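Some notes on the structure that comes next.
Small disclaimer: the values here were computed from a predicted structure and weren't measured. Just so you know, these numbers use all the heavy atoms, side chains as well, and skip hydrogens, waters and symmetry mates.
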Amino acid sequence: MNDVENARAAKEARDAIAAGSGSSRSSGELAEAAMRRYFAAESYRARKREEPSEEDEELPS
C-alpha cells in the first residue's frame, strides 16, 4: 500500500466522520465503516492482482 492510498483512506474516514455529525451513528461507527470499505476494496484489488488475466492463459492448440 502506498502513501497516496493511505492518505485517501484517512481522508475518507475523516469525511465520513464529518458527514455524520448530525446523524444517529457515532463518529466511531462511521470511521469503522469507512475503514471496512477501504480494506474490502484493498482485498478485492489484491485478489485481482493474483488472478491470471485472460491474456496470460495459454489457449489449447
Does the distance from a Lys or Arg side-chain N to an Asp or Glu carboxylate O, for E12 and R8, drop under 4.0 Å? no
Distance, nearest 0.5 Å, that separates CD of E29 from CZ of R36: 11.0 Å
Test side-chain hydrogen bond (donor to acceptor under 3.5 Å, both in side chains) applied to R45 - qualifying residues, sequence neighbours left out: E42
